[in-house]
2 protein chains.
Amino acid sequence: MATKGQYTYAYPHPAVTADCVVFGYDGKEIKVLLIKRGKEKEADTTAYVGQWALPGGFLEVDRDKTIAHTAARELKEETGLKLSIKDFKEVGTFSDINRDPRERVITVAHYALVKLANVEASTDAEKAEWFSWNDIPHLAFDHDKILRVAFSRLKQDIHFEPVGFDLLPETFTLPQLQNLYESILEVKFDRRNFANKMKHYAILSEVEDDTPRHGTRTPVKYRFDKDNYDRLKRNGFQLEF
Amino acid sequence: MATKGQYTYAYPHPAVTADCVVFGYDGKEIKVLLIKRGKEKEADTTAYVGQWALPGGFLEVDRDKTIAHTAARELKEETGLKLSIKDFKEVGTFSDINRDPRERVITVAHYALVKLANVEASTDAEKAEWFSWNDIPHLAFDHDKILRVAFSRLKQDIHFEPVGFDLLPETFTLPQLQNLYESILEVKFDRRNFANKMKHYAILSEVEDDTPRHGTRTPVKYRFDKDNYDRLKRNGFQLEF
DNA sequence: TATATTTGCGTAAAATTCACACAAAACAAG
DNA sequence: CTTGTTTTGTGTGAATTTTACGCAAATATA
């Protein structure tokens, strides 16, 4: 099992990793950030070399305060993307006994939502790439499965939380917002009913467009009214779609 | 960190445990199954001796196919209660660096719903006890926190899944069902509206009561119409409350 | 026997969801 | 520049769902 390591235990211990599913949205499609394994000479990336995978890595027992810290640290190291601990939502644990050929590794999957425009610049293009949701390659380990579960988790969470805040740019249009919800929930809405519902929630503020529009063909820009949103959320708000 | 163990690794590994929050319902209150630590001479229960805690224990790296298997195995060993792997729902990972005084231990919390009447007999009373939700003692480790998170997870899941199936006895009354939902969601419903909604879902079948009632004061007994329920669930059913 | 509590049943008002039509604005093509 | 096509914004009536209640029958209790 172990080779010449200096850390010994009275009974076998598994290795623990954190993996990150980072979702973005470009106004058109959901995107996911992936890394190519083995490009860099990292000690532990000796499996699945050359394959695409989720960013992630091993818990550092003496350093990572929680597994979320592992996720944040590894994401930063592997993709250059620096997120806060609070940006990570836990998806679940994947612990199949043979999911890693090297040793027993259980991984705690996380997902994070990012404003694509803000982070594309800080992403280390040498190591990582954004993939459209409908164009994801086959991934290493059981990362295909993890990705599916993470997405379905996002799909659940959207009923209780403001994913728009995190995925959309500061200002956005109603059609963009609708497309985002449609992309995540994989359904279609009636444009007018969607607009009515949003108006009813009163969480959007119309933005004075810098480029003074002459007509209505160019969609109106909005921003989230965070105060209203947070208040509603505290009172047991539930976004219905 | 380690003492004289024979399992060595090139870098530190955490220990991994599974903990179980087992919920029951006695027709009146939500109950939770707890164990008293250190009653038995177990190798690893040297911490928090004498305190109440959630059932659970260490992942056996070479034996437990998944962490859910750990949960099931440990629950059986510690309380006598034998549940299927599929009965466990993962709540989340708890990984604070100092949550266990002995070594770095991260735990994967699970919850399970059981029919109290069915399992009370098979629970090893020497080791485990059922506690009313409103009368839970202070627990070992971070188990208080785990318990709270597990309950809030149950509260979420109830919107999408049939908890009644798992917690209620085969036949039950409408007031019992209502009380169960009220207990979990911590709200009160109008009796008549609750009945209407249930009738509308058409997942209940009236049961010919063995003790022939003369009046209506004794509530009518129902059982779940599992076929109808499963069909609705497949089609994207969502219990609304 | 009288009183209080619990259960079952039904309905009208209010709120929400749903289906749907049309005009203004921009872009594209000729 | 004219015309046709696409996209966006707006409103309304019908259908459905939720909500708020009233009342009588059936026990348990005093």
Side-chain angles (χ1 to χ4, degrees), chain A residues 26-29 158-160 164 168-169 171-183 185 187-223 225 228 232 235-241, chain B residues 26-29 158-160 164 168-169 171-183 185 187-223 232 235-241:
Chain A
D26 65 357
K28 187 77 179 164
E29 286 179 306
I158 201 179
H159 291 281
F160 303 95
L168 289 168
T171 70
F172 53 88
T173 69
L174 220 40
Q176 274 181 321
L177 181 62
Q178 176 172 349
N179 180 266
L180 172 58
Y181 272 96
E182 290 178 338
S183 299
L185 291 171
V187 294
K188 289 289 181 185
F189 299 115
D190 180 274
R191 183 168 43 91
R192 295 151 291 190
N193 291 337
F194 184 86
N196 285 338
K197 184 163 290 193
M198 274 299 152
K199 187 180 297 181
H200 174 254
Y201 287 144
I203 57 177
L204 301 183
S205 309
E206 194 164 333
V207 172
E208 282 308 319
D209 205 343
D210 26 10
T211 67
R213 286 171 294 93
H214 317 294
T216 60
R217 163 71 202 275
T218 308
V220 177
K221 292 234 171 189
Y222 295 92
R223 72 170 67 255
D225 180 335
N228 260 2
L232 281 174
N235 299 343
F237 176 53
Q238 183 173 343
L239 256 189
E240 305 258 344
F241 284 102
Chain B
D26 65 358
K28 187 78 179 165
E29 287 179 305
I158 201 178
H159 291 280
F160 303 95
L168 289 168
T171 70
F172 52 89
T173 69
L174 220 42
Q176 275 182 320
L177 181 63
Q178 177 171 349
N179 180 267
L180 172 59
Y181 272 95
E182 289 179 339
S183 299
L185 292 170
V187 294
K188 289 288 180 186
F189 298 115
D190 180 275
R191 184 168 43 91
R192 295 150 290 190
N193 291 337
F194 185 86
N196 283 339
K197 185 164 291 196
M198 274 299 151
K199 186 181 296 182
H200 175 255
Y201 287 142
I203 56 178
L204 300 184
S205 309
E206 193 164 335
V207 172
E208 282 308 319
D209 204 344
D210 26 10
T211 68
R213 286 169 295 91
H214 317 294
T216 60
R217 164 71 202 276
T218 307
V220 176
K221 292 233 168 190
Y222 294 91
R223 69 171 68 255
L232 282 174
N235 299 344
F237 177 52
Q238 183 173 344
L239 257 188
E240 305 260 342
F241 284 103

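Since the model is a prediction, treat every value here as computed from it, not as a measurement.
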Rounded to whole Å, how long is the line connecting atom [atom1] of [X] with atom [atom2] of [N]?
| X | N | atom1 | atom2 | answer |
| --- | --- | --- | --- | --- |
| Glu206(B) | dT7(C) | CD | P | 15 Å |
| Lys199(B) | dT7(C) | NZ | P | 16 Å |
| Phe189(B) | dA20(D) | CZ | P | 12 Å |
| Phe194(A) | dT16(C) | CZ | C1' | 17 Å |
| Met198(B) | dT18(D) | CE | P | 12 Å |
| Arg191(A) | dG11(D) | CZ | C1' | 13 Å |
| Leu204(B) | dT7(C) | CG | P | 16 Å |
| Leu177(B) | dT7(C) | CG | C1' | 15 Å |

Glu206(B) side chain vs Val220(B) backbone, donor-acceptor pair below 3.5 Å: no
Every protein N/O lying under 3.5 Å from an N/O of nucleotides 18-20 of chain C:
| residue | atom | partner | partner atom | Å |
| --- | --- | --- | --- | --- |
| dA19(C) | N7 | Asn193(A) | OD1 | 3.4 |
| dA19(C) | N7 | Asn193(A) | ND2 | 3.1 |
| dA19(C) | N6 | Asn193(A) | OD1 | 3.1 |

Quick one: side chain to side chain contact (heavy atoms under 4.5 Å, CB included) partners of Pro175(B), sequence neighbours excluded? Thr173(B), Pro219(B)
Arg223(B): partners by side chain to side chain contact (heavy atoms under 4.5 Å, CB included), with sequence neighbours left out: Glu170(B), Thr171(B), Ser205(B), Val207(B)
Nearest to side-chain heavy atoms of Pro219(A), which nucleotide of dG9(D), dT16(C), dG8(C): dG9(D)
Does Tyr222(A) have any ring-ring contact (aromatic ring centres under 6.0 Å, His included) partners at least two apart in sequence or in another chain, and if so, which? none
Residues in salt bridge (charged side-chain N to carboxylate O under 4.0 Å, His left out) contact with Glu182(B), at least two apart in sequence or another chain: Lys188(B)
Once salt bridge (charged side-chain N to carboxylate O under 4.0 Å, His left out) is applied, do any residues pair with Asp190(A), and if so which ones, sequence neighbours excluded? Arg192(A)
